[in-house]
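See structure below.
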Protein chains: 2
Amino acid sequence: MATDRRVRNGVPCPIGRAIDAVGERWALLILRNATLGMTRFEDFRSDLGIADNILSTRLARLVDLGLLTRVPYRDGGRTRNEYRLTAAGADLLPVLHALAAWGHEHTTPDEPAEPMRVVHRTCGHATTPGGHCDHCGQPVRREEEAWIRPWRSPEPIPLAAPVTG
Amino acid sequence: MATDRRVRNGVPCPIGRAIDAVGERWALLILRNATLGMTRFEDFRSDLGIADNILSTRLARLVDLGLLTRVPYRDGGRTRNEYRLTAAGADLLPVLHALAAWGHEHTTPDEPAEPMRVVHRTCGHATTPGGHCDHCGQPVRREEEAWIRPWRSPEPIPLAAPVTG
DNA sequence: GTAGCAGACTTGCTTATCGCAAGCCAGCAA
DNA sequence: TTGCTGGCTTGCGATAAGCAAGTCTGCTAC
């Protein structure tokens, strides 16, 4: 099963292995956008401003590594492919959250903006780095968690559910 | 103050800004090694197998961004520089921990090895993703946390303390 | 004085990757 | 048949990475 496949890439250190898998700019940005529910080639391309060939290569690699999977869908008469997170890809969420927290604390946007929030959808309160609700105290499952990116929209964005590849 | 300097790099998303700052292979590996207490050019170079000019460029960039700082030290008669984490650099620890957890779960080393552990130095038990001690339940401060990398040594490696730049 | 040392950084070059823009391809509709 | 769409491929120039040697600095030894 693709979702159970462990990337074998050698070094003893799990940090090193994770970096070998995803420690580069475009992979991380693609995974962020996939987490937001983005699935289509053109959407990734235009949102990220990435070259076709680079995007194509990166998507293929992430599929190969089992972090994304191609899902066929019908578009008019044609079968097209979209790209969705696998469980392994979705499990990078804590990395993305840690990056968000660090980015919020240590970097500054060009334009002042409400900061991004990670919230418990049910009650609207923030979640902690450990994945608990600030308000309820309970662990928050992925499907009850959302991002709010106020510079885009005040609506909570549910996190994309992983699919089995 | 260098430690209070926020990287200004534009995009509204803090994840995107964090990725712009550190979302590339060598920066992340250097920061991992700096967290382990590595400070010297030659040590980074030989451990990472990175080219001189690439390492030099990356170190300078991380210093420029305020994640590392050069600290003069005496070597025999000469003043040399070592590279140490700033507070901003040290605050990337949750990113490294998240990468470690993901790498452990989803990648496989070439040689079987005891996995890396993040422990509370005082009692020896593991710490949670939220930074609490599994055993004591208390939040664990950085200076009470250590990594154990059994493929290298069974000794806990204290995490490098940040210095003011 | 010169020669030698160590190690951080620089340099010149080759190789690899990225990015741009156009082209190709597949599967459909008219 | 042509035309459309959009994912992927291609050819090319630009940029970054990597290799290996050189330079620089501040010291010691002779």
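These values consider heavy atoms only, across backbone and side chains, with no hydrogens, waters or symmetry-generated copies. Numbers restart at 1 for each chain; the letters A, B, ... are given by sequence-line order, proteins then strands. Owing to the predicted nature of the structure, the values given are computational and were not obtained by experimental measurement.
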So what does R45(A) hit on the nucleic acid, given a heavy-atom distance under 4.0 Å: a base, only sugar-phosphate, or nothing? nothing
To the nearest angstrom, how far is L55(A) atom CG from dT10(D) atom C1'? 16 Å
What is the distance from OH of Y73(A) to P of dC28(C), rounded to the nearest Å? 14 Å
Can you measure I54(B) atom CD1 to dT15(D) atom C1' for me and round it to whole angstrom units? 11 Å
Rounded distance in Å - CZ (R25(A)) to P (dG19(C)): 7 Å
Would you please confirm or rule out a distance under 4.0 Å between OP1 or OP2 of dC18(C) and any side-chain N or O of R58(A)? yes
Can a salt bridge be assigned to the pair R45(B) and E42(B) using a cut-off of 4.0 Å between side-chain N and carboxylate O? yes
How many whole angstroms separate atom CD1 of I50(A) from atom C1' of dT9(D)? 15 Å
Quick one: which of dC8(D), dC9(C), dG18(D) gets closest to the side chain of F41(B)? dC9(C)
More 5' along DNA chain C: E24(A) or R70(B), using each one's nearest nucleotide? R70(B)
Distance below 4.0 Å between S56(B) side-chain N/O and dT10(C) OP1 or OP2: yes
Under 4.0 angstrom between T57(B) side-chain N/O and dA16(D) OP1 or OP2: no
Would you list the pairs meeting ring-ring contact (aromatic ring centres under 6.0 Å, His included) in which at least one residue belongs to residues 34-85 of chain A, sequence neighbours left out? none
It should be established whether R80(A) places a side-chain nitrogen or oxygen under 4.0 Å from OP1 or OP2 of nucleotide dG7(D). yes
Starting from C1' on dA16(C), measure out to CH2 on W26(B) and report it in whole angstrom. 14 Å
N-O pairing of E143(B) and R141(B) below 4.0 Å: yes
Any salt bridge linking R152(B) with D47(B)? Criterion: basic side-chain nitrogen under 4.0 Å from a carboxylate oxygen. yes
Return the value, rounded to whole Å, for the distance between atom CG of N53(A) and atom C1' of dG11(D). 11 Å
Who are the ring-ring contact (aromatic ring centres under 6.0 Å, His included) partners of H125(B), not counting sequence neighbours? H135(B)
Between P on dT10(C) and CG on D52(B), what's the gap in Å once rounded to a whole number? 11 Å
Heavy atoms under 4.0 Å, any strand shown: does F44(B) hit a base, just sugar-phosphate, or nothing? nothing
